[in-house]
Enquirer: 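Dumping the structure here so I can ask a few things about it.
Atoms considered below: every heavy atom in the structure, side chains included; atoms not considered: hydrogens, waters and symmetry mates. Within every chain, numbering begins at 1; the chains are lettered A, B, ... in the order of the sequence lines, protein sequences first and strands thereafter.
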Protein chains: 2
Amino acid sequence: MVVTRMVASACNGRGQEMPDKLDDVARLAGVSAATVSRALRGVPGVAERTRTRVLAAAAELGYAISPAASSLATGRTGTVGVIVPYVDRWYFARLISGVERVLRDAGLSLLLYNLGDDPGRARFFADLPLRRRVDAVLVLSLPLKESERELLRGLGTPLVTIGTEEPGADSVGIDDHGAAVTAMRHLVQLGHREIAFIGENAPIPLGFTTPLRRLAAYREVYHGACREDGRAPDPAFETGGGFTVAGGERAMGALLGLRRRPTAVFAASDEMAFGALRTLRRAGLRVPADVSVLGFDDHDLADLLELSTVAQPVAELGERAGKLILARLSGGKIATSPSILGTRLVLRGSTAPLAGR
Amino acid sequence: MVVTRMVASACNGRGQEMPDKLDDVARLAGVSAATVSRALRGVPGVAERTRTRVLAAAAELGYAISPAASSLATGRTGTVGVIVPYVDRWYFARLISGVERVLRDAGLSLLLYNLGDDPGRARFFADLPLRRRVDAVLVLSLPLKESERELLRGLGTPLVTIGTEEPGADSVGIDDHGAAVTAMRHLVQLGHREIAFIGENAPIPLGFTTPLRRLAAYREVYHGACREDGRAPDPAFETGGGFTVAGGERAMGALLGLRRRPTAVFAASDEMAFGALRTLRRAGLRVPADVSVLGFDDHDLADLLELSTVAQPVAELGERAGKLILARLSGGKIATSPSILGTRLVLRGSTAPLAGR
DNA sequence: GTGAAAGCGCTAACAC
DNA sequence: GTGTTAGCGCTTTCAC
């Protein structure tokens with residue numbers, strides 16, 4: 001009978017069911033619950049022999065501390081909340097992946113909150129489901145309204161952001177403006193003067209600032225080039241693609257409808273650039289012979305589509321943010337915020353010198 | 001001094017710091033803690049007037065229940081654990097997005113566990129960090145070893161899977177085999193006989209079964225077609241691409257190196273098909289004139305790349321799984337498992353009739 | 001180095 | 001309907 005039961009109960013040879021408590025381990029190890037607690041958490045003040053004995057007992061029972069009880073007693077949760085505007089876009093998925101890796105290595109769990117649409121965002125901040133549920137909060141590429149920021153800070157946990165800077169938060173990001181300027185200059189150096197931009201449509205749905213910074217860089221360089229030539233910049237060259245392939249397609253379509261057509265296009269994301277490529281192809285235009293296209297991100301498929309782009313180290317941004325969290329959590333000192341990672345221009349087949357005319 | 005403190009403590013005009021307790025609300029509302037608890041959770045047995053009074057008091061204090069204390073008392077956590085092999089691949093990110101949406105709507109939180117590599121996977125099952133941390137577990141497209149399954153079932157929580165069937169778990173998925181057969185038949189009907197397959201390389205890293213089912217369908221149709229013609233199937237036509245673009249590129253390269261070249265290729269994922277497209281393009285071969293390519297998934301960019309493919313409703317799979325979890329959690333009865341969602345063949349520009357020779 | 005006891009903040013019986 | 005009373009399972013002084 002016993003044998004049967006042991007086989008049936010599987011998994012570790014003992015008929016262990018979930019409800020094992022600290023005291024069970026204590027009894028088995030012949031010590032008090034307090035000692036077990038200390039031993040299991042590796043805090044100093046337990047004799048080595050005792051510790052090993054406790055560990056053995058715990059292992060035998062397949063025991064694991066109850067996070068709820070532990071967190072009630074300590075106030076710590078072992079969890080970090082990650083707030084994102086999207087999870088199924090390349091950039092965000094990649095970011096999450098990077099963050100997750102370092103949190104996991106540190107033994108922390110990741111609670112994922114996707115804001116969804118605007119009502120969803122409002123509900124999130126009204127309910128604040130991560131309140132008292134996390135030890136730290138990470139906000140991914142999502143500029144916060146002041147009220148939202150205050151709510152998050154009111155949580156009393158470290159706050160880290162990627163891609164935006166918020167007072168009271170550590171942040172990691174890239175030099176959006178500088179990278180975009182470099183990209184634009186590349187187009188200008190190729191001889192392009194009629195350069196269009198595909199960025200975000202206003203009003204910006206979830207309030208990104210990134211597109212704004214890239215737009216500013218675009219204007220800086222494009223207007224500068226126009227000025228040198230004594231021509232007027234064309235405001236119709238500033239379009240929005242909503243950071244999606246379909247949006248990029250539409251934006252490019254609009255640009256092709258202009259009397260004055262651009263000879264080069266700078267898209268604030270690769271996905272929009274992909275869309276632009278498609279519209280161009282369908283219109284029978286060749287890239288880069290007829291139109292140069294430059295993206296931003298270095299999406300997994302940019303290489304496949306021969307897209308020239310600005311590469312940013314997305315996974316590393318996530319990892320860096322994760323490490324920042326770990327540092328804050330362990331009370332370590334933080335290097336001067338924000339921490340900026342490098343980008344680089346990756347030239348592939350979608351940009352070329354302006355064809356002489 | 002008091003004023004200074006209140007200002008410093010910021011955040012909502014009241015000097016409220018995190019540690020608000022049920023009793024504070026009770027005192028303010030002039031009722032007992034038990035009543036507050038009942039009112040806040042919306043359980044029946046509280047007079048309407050009382051409830052509103054309590055709600056008002058709670059709102060005034062900006063009070064929210066402590067999840068840790070609540071979960072210690074009830075045993076419920078309001079959280080579901082989602083286990084994935086990858087988070088930054090299109091299919092998984094999409095799945096997660098779908099699941100998250102329904103969990104969020106139901107007020108549940110999502111704890112994300114990315115297994116990472118094999119050691120990571122081993123560590124995950126050794127530590128089982130979600131133990132006692134979640135009310136249910138969802139496993140995404142990840143066939144479990146028996147020991148792993150038993151560990152998860154030992155958690156005593158509902159177990160739901162997507163893309164795999166596990167004893168003791170509810171599951172949702174697609175008819176992989178049927179969909180792949182349909183895809184292959186399409187190629188055969190186009191006149192193709194030399195059809196290659198890009199699937200998973202053995203040994204399978206994280207143990208997918210999906211590729212196996214698609215491979216089986218490939219063989220069934222391809223071998224059948226060969227038999228009719230009295231030719232021998234070419235085993236070299238079965239290649240592995242690791243479900244990545246780069247893998248697909250390599251696999252296609254290998255296929256082009258064969259003396260007997262395929263006239264059509266069926267890839268078990270769009271990403272691998274993308275890679276194949278690229279290799280073909282680089283080799284100077286035209287798609288579909290020289291080689292037809294058929295994918296599987298209907299990735300966001302399949303449309304962009306004119307890839308014919310088998311569309312599967314990924315987000316819906318996630319949503320369905322989420323709903324299954326909600327049903328289990330509310331003790332509802334579950335429809336006969338597994339629940340299979342439909343797929344459809346999407347014909348775009350990458351497949352065409354075999355050019356007459 | 002180890003144990004006893006007092007919470008952590010909530011919920012669930014059980015009375016009233 | 002509402003209040004009282006025990007816990008839920010751990011951590012943490014404070015003694016020893």
Enquirer: Is Thr50(A) touching bases, backbone alone, or none of the nucleic acid, heavy atoms closer than 4.0 Å?
Expert: sugar-phosphate
Enquirer: State which of dA12(C), dC10(C), dT11(D) makes the closest approach to the side chain of Ser70(A).
Expert: dT11(D)
Enquirer: Go through the steps for Lys21(B) and Asp24(B) under the test salt bridge (charged side-chain N to carboxylate O under 4.0 Å, His left out), then give the verdict.
Expert: CA-CA 5 Å; Lys21(B) 318 144 87 96; Asp24(B) 298 337; over 6 Å; no
Enquirer: Please tell me which of the listed nucleotides, dG7(C), dG9(C), dT2(C), lies nearest to the side chain of Val46(A)?
Expert: dT2(C)
Enquirer: To the nearest angstrom, how far is Ile65(B) atom CD1 from dT11(C) atom P?
Expert: 4 Å
Enquirer: In this structure, are over 12 heavy atoms from other groups packed under 6.0 Å from Arg320(B) atom CZ?
Expert: no
Enquirer: Among residues 34-44 of chain B, which ones have heavy-atom contacts with DNA chain C below 4.0 Å?
Expert: Ala34(B), Ser37(B), Arg38(B), Arg41(B)
Enquirer: So, does Ser32(B) get its side chain near the phosphate of dG3(D), meaning an N or O under 4.0 Å from OP1 or OP2?
Expert: yes
Enquirer: When we call it a touch if two heavy atoms are under 4.0 Å apart, what does Arg49(A) touch: a base, just sugar-phosphate, or nothing?
Expert: nothing
Enquirer: Roughly how many Å is it from NZ in Lys21(B) to P in dT11(C), rounded to a whole number?
Expert: 14 Å
Enquirer: Between atom CG in Leu72(A) and atom P in dG7(C), what is the gap in whole Å?
Expert: 14 Å
Enquirer: Figure out the CZ/P separation between Arg131(A) and dC10(C), and round it to whole Å.
Expert: 12 Å
Enquirer: Could you give the CZ-to-C1' distance, from Arg76(B) to dT11(C), as a whole number of Å?
Expert: 9 Å
Enquirer: Can a salt bridge be assigned to the pair Arg121(B) and Asp118(B) using a cut-off of 4.0 Å between side-chain N and carboxylate O?
Expert: no
Enquirer: Could you check which of dC10(D), dT2(C), dA12(C) has an atom nearest any side-chain atom of Thr74(B)?
Expert: dA12(C)
Enquirer: By nearest nucleotide on DNA chain D, pick out whichever of Glu48(B) and Ala33(A) is the more 5' one.
Expert: Glu48(B)
Enquirer: Which is more 5' along DNA chain D, the nucleotide nearest Asp23(A) or the one nearest Gly30(B)? Just name the residue.
Expert: Gly30(B)
Enquirer: Does Ala64(A) offer a backbone N or O that forms a donor-acceptor pair with the side chain of Arg132(B) under 3.5 Å?
Expert: yes
Enquirer: Using a distance-only test with no angle check, is there a side-chain donor-acceptor pair under 3.5 angstrom linking Tyr86(B) and Ser97(A)?
Expert: no
Enquirer: Could you state the CZ-P distance from Arg133(A) to dG9(C), rounded to the nearest angstrom?
Expert: 17 Å
Enquirer: Could you tell me the separation between the CG atom of Leu22(B) and the P atom of dC10(C), rounded to a whole number of Å?
Expert: 5 Å
Enquirer: Under the 3.5 angstrom rule, does the side chain of Thr77(A) hit a backbone N or O of Arg133(A) as a donor-acceptor pair?
Expert: yes
Enquirer: Nearest 0.5 Å, please: how far is CD1 in Ile65(B) from CG in Leu40(B)?
Expert: 4.5 Å
Enquirer: May I have the distance from Arg53(A) (atom CZ) to dG1(C) (atom P), rounded to whole angstrom?
Expert: 14 Å
